[in-house]
Amino acid sequence: MEKTQRRIFVGNYSELPKKLGKTVIIGDQEVAVFKLASGDIRAIENRCPHKGGVLAEGMVSGDHVFCPMHDWKISMVDGKAQAPDEGCVQTYTTEVTEDQVYVLMEE
């Protein structure tokens with residue numbers, strides 16, 4: 001069976017601050033949305049795999065976010081924690097259409 005994706009509007013590109021996270025609730029999932037210094041948009045699960053820290057509140061550096069609880073470095077590209085830490089968070093594809101930012105989620 002083919003999986004379909006739905007586009008969920010999460011905000012206007014022009015209103016998202018650079019290098020800060022925004023928490024978005026989509027169904028029963030909490031997603032952290034970031035506008036990177038490069039202007040790229042990334043979306044990841046909003047809980048650190050270590051102790052559940054809120055990643056939207058973390059510091060952003062390049063394509064990574066640092067968990068505000070214990071400073072784990074999480075890639076926003078593949079969701080993996082940087083070694084020696086272990087763990088992974090879900091990443092989501094994003095789209096920007098004109099000024100609107102969407103997260104793509106499987107149905």
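Residue pairs meeting the side chain to side chain donor-acceptor pair (under 3.5 Å) criterion with at least one partner in residues 85-94, sequence neighbours excluded, are Q29-Y92.
With sequence neighbours excluded, no residue satisfies side chain to side chain contact (heavy atoms under 4.5 Å, CB included) with D28. Applying the ring pair (Phe, Tyr, Trp, His ring centres under 6.0 Å) rule to H50 yields the partners H70, W72; only residues at least two apart in sequence or on another chain are considered. When the salt bridge (Lys or Arg N to Asp or Glu O under 4.0 Å) test is applied to D71, no partner is found at least two apart in sequence or on another chain. Qualifying side chain to side chain contact (heavy atoms under 4.5 Å, CB included) partners for M69, counting only residues two or more places apart in sequence or in other chains: K51, C67. Take E95 and apply the salt bridge (Lys or Arg N to Asp or Glu O under 4.0 Å) test, not counting sequence neighbours, and it matches R7. Every residue meeting the side chain to side chain contact (heavy atoms under 4.5 Å, CB included) condition with R47, not counting sequence neighbours, appears here in chain and number order: E30, E45, V54. The salt bridge (Lys or Arg N to Asp or Glu O under 4.0 Å) check on E15 picks up nothing, with sequence neighbours excluded. Evaluation of the side chain to side chain contact (heavy atoms under 4.5 Å, CB included) rule for Y13 yields K35, I41, V96, D99, V101 as partners, not counting sequence neighbours.
How far OG1 of T4 is from CD of E106: 8.5 Å, rounded to the nearest 0.5 Å.
Cluster partners of Y102 are F9, counting Ile, Leu, Val, Met, Phe, Trp and Tyr whose side-chain heavy atoms approach within less than 4.5 Å, directly or via other members.
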Enumerate donor-acceptor pairs with a distance under 3.5 Å from any side-chain N or O in residues 55-66 to protein atoms, sequence neighbours excluded.
none

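Panel note: side chain D78, backbone K80; a donor-acceptor pair is recorded below 3.5 Å. Listed for the K22 side chain is a donor-acceptor partner under 3.5 Å among the backbone atoms of V10.
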Go through the steps for F34 and D40 under the test side-chain contact (heavy atoms from CB on, under 4.5 Å), then give the verdict. CA-CA 8 Å; F34 299 90; D40 291 344; over 6 Å; no
Worked check of side-chain contact (heavy atoms from CB on, under 4.5 Å) between M105 and I26: CA-CA 9 Å; M105 310 256 330; I26 301 173; 3.9 Å; yes
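L16 and M76 sit in two unconnected hydrophobic clusters of ILVMFWY residues. Membership requires side-chain heavy atoms under 4.5 Å apart, directly or through other members. Residues I44 and L36 are members of one and the same hydrophobic cluster, defined by side-chain heavy-atom contacts under 4.5 angstrom among Ile, Leu, Val, Met, Phe, Trp and Tyr.
Considering every non-hydrogen atom in both G79 and I74, the closest pair reads O-CG2, 3.7 Å.
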